[in-house]
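Okay, so here's the structure we're looking at.
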Amino acid sequence: SQELEQSPQSLIVQEGKNLTINCTSSKTLYGLYWYKQKYGEGLIFLMMLQKGGEEKSHEKITAKLDEKKQQSSLHITASQPSHAGIYLCGAGFYSSASKIIFGSGTRLSIRP
Amino acid sequence: NAGVTQTPKFQVLKTGQSMTLQCAQDMNHNSMYWYRQDPGMGLRLIYYSASEGTTDKGEVPNGYNVSRLNKREFSLRLESAAPSQTSVYFCASSPIAGAAPYEQYFGPGTRLTVT
């Protein structure tokens, strides 16, 4: 979606290294969602951020939403093979709060 | 508690054929959604139903119709399939629409090929 830009499109990381995926909107977000998708499977919900400056962590994954609520980052510390997959950010906007618009996704590969 | 279920998992159609993709959720969610996923395009919203009895167009509704049969079920129909509709289709549901942001729960997907 042009409303939500996700970068990079793909990423190959050495096992044990850290990485960051970014998600940017030109409009203020109502809610920001991070999902993970394993190849050929459905989406698994990771985290939702709603407040400016909010940060959430789950195991080795941390997501942040900036104060202006227009940019989010997903950071993985000490990557493992289990982190491989496609990461998608999704956003709800005030004009259409019941819908989520998704970014194009980041394909993450972990090199042993 | 199965969550969101979709049938079929795979389908091959010839151009011009019709079919209905079925979706059901057992979480008593109000809102349901249909997306398609194409390489490099992420997920694009086709139609959604904010509550039982209502349906609205998403980003890419052309060539599709939907029916919110009841609170549990939301079907997607292709009346005359075209090769451009080859994609992976996902159904999703969420508890409440509009009042606050809630995550969506996704089904396993239907892989559709139109030849």
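Proteins come first, then strands; the chains are lettered A, B, ... in the order of their sequence lines, and each starts at number 1. Keep in mind the model is a prediction, meaning the values are calculated, not measured.
A:Gln37 touches chain B through its side chain: at least one heavy atom from C-beta onward sits under 4.5 Å away, while N, CA, C and O do not. Using a 4.5 Å cut-off between heavy atoms, A:Leu43 contacts chain B through both its backbone and its side chain. Neither the backbone nor the side chain of A:Gln9 comes within contact range of chain B, judged by heavy atoms closer than 4.5 Å.
Hydrophobic clustering (ILVMFWY, side-chain heavy atoms < 4.5 Å, transitive): B:Leu76 and B:Val4 are in distinct clusters. A continuous path of Ile, Leu, Val, Met, Phe, Trp and Tyr side chains, each step under 4.5 Å between heavy atoms, connects B:Phe74 with B:Leu78, placing both in one hydrophobic cluster. Cluster membership check: B:Val114 shares its hydrophobic cluster with B:Trp34, using side-chain heavy-atom separations under 4.5 Å among Ile, Leu, Val, Met, Phe, Trp and Tyr. A continuous path of Ile, Leu, Val, Met, Phe, Trp and Tyr side chains, each step under 4.5 Å between heavy atoms, connects A:Ile110 with A:Leu74, placing both in one hydrophobic cluster. Linking ILVMFWY side-chain heavy atoms closer than 4.5 Å, directly or via other members, places B:Phe90 and B:Ile46 in two distinct hydrophobic clusters.
Atom CD of B:Gln104 and atom CZ of A:Phe45 lie 10.5 Å apart (nearest 0.5 Å).
For A:Lys64, the NZ atom counts as loosely surrounded, since its 6.0 Å shell holds 12 or fewer non-hydrogen atoms of other residues, nucleotides or ligands.
The candidate from B:Arg111, B:Gln37, B:Gln6 with the greatest count of non-hydrogen atom pairs under 4.5 Å with chain A is B:Gln37.
The shortest distance between side-chain heavy atoms of B:Glu59 and A:Ile101 falls below 4.5 Å. Looking only at side-chain heavy atoms (C-beta outward), A:Ile100 and B:Tyr48 stay at 4.5 Å or farther from each other.
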